[in-house]
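Data block below; observations after.
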Amino acid sequence: MDISLEEATVADLQAAMAAGSATARSIAEAYISRIEQIDRGGPRINAVIEINPEAMAIADALDRERQAGRVRGPFHGIGVLLKDNIATADHMETTAGSLALVGARPGRDAVIVTRLRAAGAVILGKTNLSEWANIRSMHGISGWSGRGGLTLNPYALDRNPSGSSSGSGAAVAANLCVVAVGTETDGSISAPSNVCGLVGIKPTVGLVSQAGIIPISHSQDTAGPMARTVTDAALLLEVLAGNGAGDFQGALDPGGLRGTRIGIARSLFEPFAASVRRVAEDAIAVLRDGGAEIVDDVVLPRPSTLLDTEMSVLLHEFKAGLNAYLGVLSPGPQPRTLADVISFNETNRDLEMPWFGQDLFQQADALGPLTDQSYLDALATNHRIARTEGIDRALAVHRLDALFAPTGEPARLTDFVNGTAESPANSTFPAVSGYPHVTVPAGFVYGLPVGVSFFGAAHAEATLIRMAYAFEQATRVRRAPTYPSTLTL
């Protein structure tokens, strides 16, 4: 194969296949070899929880199609990794990182997997994650699961890749695949993208089907792309969302900042160190130079006002959603309810709970149904603060196309003693509102990547992608990791 995988894009690989210098099989072989060298050997990132044993057969079939003159589209023969909470009805597991679900077989692929297969993607394998997408405990360790162990950050191996799409973020950053699919409830695409130097798109809730994805919250969950470029993220979003959901490729305009009005959410800068704020200020200068009209100091409610009601909604919906998901798995000895999972974890405490417990599971299991007034009131409060008094009001009052803020701080050290190594990220308003959020690399702080965020109204993905692409083309700050064991300061 006459192409390097280092920072390769979808277009690079398609061009190589079109020229005959690579095939779907040779590309899949090269990525799996790289996974063996970097993920399981060498620096041992531990991002990939399982390799698809059918990957080569899928690649061979797609090569035969190409030889016969049929190319399905941009993803024909392109290798993709999936987060291990996305169901595949094949020889791979779907466990959310939990030993409780090993051997529990979904009856069918998740809808987004069906779409990826139809687009010609080669599913290379599954990625590790923060177990149960970080809903098990308030003291969980991001990037760790009982089944997969700990994923490391390629930019400094003692730093955390953030969660819960930790493996997807680390894998794309380390060039173990072109793109990966993550899922987000609040920050699980944007936070790992921020600390791994990636483009992450958290779509409007409902744009991408959640059918067949192990749930937390039907009002906040969504799958989305994680990629090294805005172009590749946009291409993947088109596949995930399905035909007719949006022309995201058409938004890839290097002049896309001209004539836009972007609101700077200054209150969302406050939690971060001066070094992160400087990266954001430099980014604002790029937006202005690109022709955007900057509206400074747009006020949003404080995210802390959503802390209690968001958790109430998540725990109510998690219990209902997980019980429904487990109830339709193929017959077998696996858990059928959240209570069964709690019992499994207690029985297997040494394997599942060596570092943290399951306090959130227990809180969720004690809650009532989704008809409870406490749940309905919390959901209404969330939407009032995040939508009506938050994003919707800011966009309307200031006549904005989007809002802007730093995505988050650099990666923290992984800490097994004190629990979570989650890096704070500005994900809460788009997450709780269910609105779209795009993060894009913006700079480095002591060698660690940080990004900036564009978020806005429901179904504004194309607008946000246009801004992110123009910003990316003007800056091009991403660089590949070098896997140091620790930072040299």
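With a 4.5 Å cut-off on side-chain heavy atoms, S165 and P192 count as touching. With a 4.5 Å cut-off on side-chain heavy atoms, R159 and T414 do not count as touching. Two residues are said to be in side-chain contact when any heavy atoms from C-beta on lie closer than 4.5 Å; L81 and V48 meet this criterion. Side-chain contact between V10 and T231: absent, with no pair of heavy atoms (C-beta onward) separated by less than 4.5 Å. A 4.5 Å side-chain heavy-atom check between C177 and V172 finds at least one atom pair inside the cut-off. The side-chain heavy atoms of L207 and T222, taken from C-beta on, include no pair separated by under 4.5 Å.
N153 contributes atom CG, which lies 4.5 Å from atom SG of C196 (distance to the nearest 0.5 angstrom). Remark: I49 CD1 to D84 CG distance equals 4.5 Å, nearest 0.5 Å. The structure places CZ of F404 at 5.0 Å from CD1 of I284, a figure rounded to the nearest 0.5 Å. Atoms CD and CG, on Q363 and L314 in that order, are 11.5 Å from each other to the nearest 0.5 Å. How far CG of L82 is from NZ of K126: 6.5 Å, rounded to the nearest 0.5 Å. Here I465 contributes atom CD1 and L237 contributes atom CG; the two are 5.5 Å apart, rounded to the nearest 0.5 Å.
Looking at T439 and K202, their side chains never bring a donor and an acceptor atom within 3.5 Å of each other. No side-chain N or O of H437 forms a donor-acceptor pair with one of S427 less than 3.5 Å apart. Donor-acceptor pairing under 3.5 Å is recorded for the side chains of N85 and T183. E461 and T204 are linked by a side-chain donor-acceptor pair at a separation below 3.5 angstrom, with hydrogens and angles left out of the test. For the residue pair T486 and D158, a side-chain donor N or O sits within less than 3.5 Å of a side-chain acceptor on the partner. Side chains of T151 and N128: a donor-acceptor N/O pair is present below 3.5 angstrom, by distance only. For the residue pair S164 / S188, a side-chain donor-acceptor distance below 3.5 Å is found, with atom types taken as modelled. With no hydrogens or angles considered, a side-chain donor-acceptor pair links S219 and E317 at under 3.5 Å.
Here the closest non-hydrogen pair linking A280 and F269 is CB-CE2, 3.7 Å. In this structure, S130 and G163 approach most closely via the heavy-atom pair OG-CA, 3.6 Å. Nearest heavy-atom pair, T94 versus P106, reported as atom, atom and distance to 0.1 Å: OG1-CG, 3.9 Å. The two residues G224 and P203 make their nearest non-hydrogen contact at CA-CD, 4.0 Å. For I385 against F429, the heavy-atom pair with the smallest separation is O-CE2, 3.9 Å. Shown here for A468 and F454, the closest heavy-atom pair between the two residues is CA-CE1, 4.0 Å.
When ring centroids are compared, F356 and W144 come within the 6.0 Å threshold.
In this structure a side-chain-to-backbone donor-acceptor pair under 3.5 Å is missing from S26 to A22. At least one donor-acceptor pair closer than 3.5 Å links the side chain of S217 to the backbone N or O of Q220. In this structure, the side chain of D415 engages the main chain of N418 through a donor-acceptor pair within 3.5 Å. For Q14 (side chain) and P74 (main-chain N/O), a donor-acceptor pair under 3.5 Å exists by modelled atom type. In this structure, Q249 contributes its side chain and L235 its backbone to no donor-acceptor pair below 3.5 Å. Side-chain atoms of N52 never come within 3.5 Å of backbone atoms of M92 as a donor-acceptor pair (strictly under, hydrogens ignored). In this structure, the side chain of S166 engages the main chain of G143 through a donor-acceptor pair within 3.5 Å. Using a distance-only test at 3.5 Å, with no hydrogens or angles considered, a donor-acceptor pair links the side chain of D12 to the main chain of T9. T88 places no side-chain N or O within donor-acceptor distance of the main-chain N or O of D90, the cut-off being under 3.5 Å. Using modelled atom types, one side-chain atom of N426 and one backbone atom of P406 make a donor-acceptor pair closer than 3.5 Å.
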Validation: residues 270-277 side-chain donor-acceptor distances under 3.5 Å, sequence neighbours left out:
unit_1	atom_1	unit_2	atom_2	d
E270	OE1	R302	NH1	3.0
E270	OE1	R302	NH2	3.4
R277	NH1	F272	O	2.4

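Applying the salt bridge (charged side-chain N to carboxylate O under 4.0 Å, His left out) definition to pairs two or more places apart or across chains, those involving residues 27-45 are E6-R34, R25-E29, E36-R40.
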Exercise. Determine, stepwise, if the pair L101 / E93 fulfils side chain to side chain contact (heavy atoms under 4.5 Å, CB included).
Key: CA-CA 8 Å; L101 292 189; E93 302 281 356; over 6 Å; no
Practice problem: Using the side chain to side chain contact (heavy atoms under 4.5 Å, CB included) rule, take L176 and I38 through it: C-alpha gap first, then chi angles, then the decisive distance, then the call. | Solution: CA-CA 8 Å; L176 307 181; I38 291 176; 4.2 Å; yes
Self-check item: Chi angles and distances behind the side chain to side chain contact (heavy atoms under 4.5 Å, CB included) call for M56, I32
Solution: CA-CA 10 Å; M56 295 309 153; I32 290 173; 3.4 Å; yes
Practice problem: Report the C-alpha separation of I201 and I189 in whole Å, then their side-chain angles, then the decisive distance to 0.1 Å, and conclude whether the side chain to side chain contact (heavy atoms under 4.5 Å, CB included) test is met. | Solution: CA-CA 7 Å; I201 302 178; I189 290 172; 6.0 Å; no
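The environment of CG in D297 is crowded: more than 12 heavy-atom neighbours from other residues, nucleotides or ligands sit within 6.0 Å.
Contact check on E7 versus R478 returns a salt bridge, with a Lys/Arg side-chain nitrogen under 4.0 Å from an Asp/Glu carboxylate oxygen. Between R136 and E352 there is a salt bridge, since at least one side-chain N of the basic residue sits less than 4.0 Å from a carboxylate O of the acidic one.
Results of the side chain to side chain contact (heavy atoms under 4.5 Å, CB included) test with T407 over V450, V438, V440, N194 single out N194 as the only residue that passes.
Between W132 and F318, the angle of the ring planes goes over 60°, which puts this pair in the perpendicular group of the 30/60° scheme.
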